[in-house]
2 protein chains.
Amino acid sequence: MSDGNCQSDVNEPPCAKKIKIDEKNDNGVAEPVLELKDFIPSKILNNNTNRKTVCVQGNFKDKSGVALVILEKNAFKEDELDSKGYFSVESDLKTFFQNDIYGNFECFPKSSINGVKTTIIYPATEKHIAKFSQQEVHIIQETSDCYNKLTLPHIEKEQFNLQWVYNILEGRSEQDRVVYDNKCEKEGFVLVPDLKWDGLTKETLYLLAIVRQRGIKSLRDLDGSHLPLLKRVRDEGKKAIFEKYKVPGSQLRIYFHYQPSFYHLHIHFTYLRHEAPGIYAEKSHLLDTVINNIEMMTDYYKKATLPFTIREMDTLFNVYETNGYVQKIKPDIKLIDK
Amino acid sequence: MSDGNCQSDVNEPPCAKKIKIDEKNDNGVAEPVLELKDFIPSKILNNNTNRKTVCVQGNFKDKSGVALVILEKNAFKEDELDSKGYFSVESDLKTFFQNDIYGNFECFPKSSINGVKTTIIYPATEKHIAKFSQQEVHIIQETSDCYNKLTLPHIEKEQFNLQWVYNILEGRSEQDRVVYDNKCEKEGFVLVPDLKWDGLTKETLYLLAIVRQRGIKSLRDLDGSHLPLLKRVRDEGKKAIFEKYKVPGSQLRIYFHYQPSFYHLHIHFTYLRHEAPGIYAEKSHLLDTVINNIEMMTDYYKKATLPFTIREMDTLFNVYETNGYVQKIKPDIKLIDK
């Protein structure tokens, strides 16, 4: 039930379960040991300088097939901010400049507290490479006409499987995770923690409200008849989250994605200070703004031009490209040239 | 001419010029040398686990006054992703798990390539502490009525100084930085690189369009009469950026902030993949959406309820708190307890 984007799950391959295994397998045979010193890099697929992650494509010495190495600087652990950790005699300090009360330095802490999260995928497929490559992204301005002629036929043709959504709504899956449940078939919804959230840390709070009414694909389908449903999600969702997690409504970001990752109406609740994926203006629509727009103009979402972002690898991109709405960027391949 | 938020300039005190100075000052007197081993932490003011930055308050042994230490993990340098850097025999690798083609490890690179950007502010004032402290943030839903009764009188009372804007428009400042200039008094604008941008790196492209017409404070003042101006900014801005920086319009995020950081109408242009500060749905309004809203309803921005975020330390917060629209969070002070 994840509604993430490519960036958020860079280090969490969905099929990799977190099982610590020995270097010997069940038959007592040693697993192949991969060592970073044997990795021969050929291309940087992605370097995120904000989040301090990088993905490098290459291969291992004397081994066939492509490998990906994904590195991510660790966040600071608060219990290492002490005289045994960063503030110890083992931290070397190099001065860049000092000016009045401000000093800029580079600190070289002891290696043991300065680890780098490392993921190796070997052998990696073309799909892995595409997933971890920085994709060219474009904004499309979807008019009402574009929606009806291009987007809607595409959604209907793709026939996204929504069985997992119905399983939650009908209590067949994830029942123990439900935070709030309003069983009204017309205006009810289920509130569950998003799979990206650990369910505990207030700083990264992330829940999803999934409406019970079927057939509302996205924002585009909303009009005045849905106002009671939308207000119920807002008001009861806020109340349930305050009761369970003590986060007040004024500190929640409550929003739709457009395009959504699945076409059954759902609403995201995140902690306002949490920089969750996909909360940018070109992708997210605050529930309060949606309610207000519909109150001002009942058919707002039928008529409006709505922006959405799309990667060149997405199938919907081809539809818009073929019809002349957007053009691909000429490739600019970054090679490590040594 | 920066329009940033608190997070973006955490490591760039505006008054600290980047001058490398000796440990001796002009009179040959040794400057006080600060060492991290002498830092006694008392409180974590802010720990951003996405961007991997932390700000710690404390003091230096045998020295009076408060000090702040701000640490930030460095982004990966691409020329260190080789057999002498991360992929060298000196990188230790600890295995968390291996499962099929996926392996998760922690890598401990040699210390010299794994520096941490370090800023020390000493002695630090109360203002520094407030600036670097994680602030409680709230969303306010500003109705048309709230704007007229609470926000507008506040803006008028504060009388933000706009002289620096007029200096740019009249060619008295930053003239060498102007990327595009349309001198029409009614529909013209000046396009300049934002101060947060180095003016070179496509990945972090950030420009500001400042309109020539005076007296348009923000989004709230826009109506049908401004459509020619808005379309000109959009179309000529895109064209100028493509000609100079080769970034096509479909890869630009073009938007207003609400509330803006200064009340003279200006429009942000950033590269779509750049996670610039303040691009979240609760703060940014895409220019195309604004144009479309006004086309559908000429007085949209007079009537609409607009969200904005506000920190408890902002003076406008008090106005809304006093009038019962929002409540402060009870303090939850994080102390390092050792």
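Every chain is numbered from 1 and lettered A, B, ... according to where its sequence line falls, protein lines coming before strand lines. Small disclaimer: the values here were computed from a predicted structure and weren't measured.
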Asker: side-chain contact (heavy atoms from CB on, under 4.5 Å), that's the test. Do L71(B) and Y86(A) meet it? Break it down for me.
Answerer: CA-CA 10 Å; L71(B) 303 173; Y86(A) 286 91; 4.2 Å; yes
Asker: Could you go through the side-chain contact (heavy atoms from CB on, under 4.5 Å) check for S250(A) and I139(B) one step at a time?
Answerer: CA-CA 5 Å; S250(A) 69; I139(B) 289 194; 5.7 Å; no
Asker: Which atoms of L68(A) are under 4.5 Å from chain B, going by heavy atoms: the side chain, the backbone, both sets, or neither?
Answerer: neither
Asker: Give, as side chain, backbone, both or neither, the part of E295(B) having an atom under 4.5 angstrom from any heavy atom of chain A.
Answerer: neither
Asker: For side-chain contact (heavy atoms from CB on, under 4.5 Å), just list the numbers for Q134(B) and R273(A), CA-CA rounded to whole Å, side-chain angles, deciding distance to a tenth of an Å, and then say yes or no.
Answerer: CA-CA 9 Å; Q134(B) 184 133 11; R273(A) 254 186 343 214; 2.8 Å; yes
Asker: Looking at S83(A), S91(A), P123(A), which has the largest count of heavy-atom pairs under 4.5 Å with chain B?
Answerer: P123(A)
Asker: Are any side-chain N or O atoms of E282(A) and backbone N or O atoms of L286(B), one a donor and one an acceptor, separated by less than 3.5 Å?
Answerer: no
Asker: Relative to chain A, which segment of I279(B) carries a heavy atom at a distance below 4.5 Å: side chain, backbone, both, or neither?
Answerer: both
Asker: Do F105(B) and T119(A) come close enough that some side-chain heavy atom pair is under 4.5 Å?
Answerer: no
Asker: For a quick test of reading the model, state the closest non-hydrogen atom pair linking P41(B) to D82(A) and the distance between them.
Answerer: CG-CA, 4.3 Å
Asker: Between L93(A), L252(A), D92(A), L272(A), which shows the greatest number of heavy-atom pairs under 4.5 Å with chain B?
Answerer: L272(A)
Asker: So, using ring-ring contact (aromatic ring centres under 6.0 Å, His included) as the criterion, who are the partners of F39(A) when residues are at least two apart?
Answerer: F60(A), F87(B)
Asker: What part of Y325(B) gets closer than 4.5 Å to chain A, counting heavy atoms only: side chain, backbone, both or neither?
Answerer: neither
Asker: Identify which part of S112(B) has an atom lying under 4.5 Å from any heavy atom of chain A, answering side chain, backbone, both or neither.
Answerer: backbone
Asker: With a 4.5 angstrom heavy-atom cut-off, is it the side chain or the backbone of F256(B) that approaches chain A, or both, or neither?
Answerer: neither
Asker: Are H128(B) and I101(A) close enough that some pair of their side-chain heavy atoms sits under 4.5 Å apart?
Answerer: yes
Asker: Using only heavy-atom distances, determine whether the side chains of E106(A) and N74(B) contain a donor-acceptor pair under 3.5 Å.
Answerer: yes
Asker: At a heavy-atom separation under 4.5 Å, does V137(B) approach chain A through its side chain, its backbone, both, or neither?
Answerer: both
Asker: Please check if any side-chain donor atom of E275(B) sits under 3.5 Å from a side-chain acceptor atom of Y280(A), or the reverse.
Answerer: yes
Asker: Is it the case that the side chain of N292(B) and the backbone of A304(A) share a donor-acceptor pair, with hydrogens and angles ignored and the cut-off at 3.5 Å?
Answerer: no
Asker: Go through the atoms of Q141(B) and report whether side chain, backbone, both or neither lie under 4.5 Å from a heavy atom of chain A.
Answerer: side chain
Asker: Less than 4.5 Å apart, side chain to side chain, heavy atoms only: is that true for E72(A) and K73(B)?
Answerer: no
Asker: Pick from T118(A), L36(A), V116(A): which one makes a side chain to side chain contact (heavy atoms under 4.5 Å, CB included) with P109(B)?
Answerer: V116(A)
Asker: Do V54(B) and L81(A) come within less than 4.5 Å of each other through their side chains, counting heavy atoms only?
Answerer: yes
Asker: Would K52(A) count as a cation-pi partner of F76(B), with NZ or CZ less than 6.0 Å from the six-membered ring centre and within 45° of the ring normal?
Answerer: no
Asker: Step by step, work out the side-chain contact (heavy atoms from CB on, under 4.5 Å) result for M296(B) and M296(A).
Answerer: CA-CA 11 Å; M296(B) 293 200 295; M296(A) 292 200 296; over 6 Å; no
Asker: What is the minimum heavy-atom distance between N114(B) and F108(A), and which atoms define it?
Answerer: C-CD2, 4.5 Å
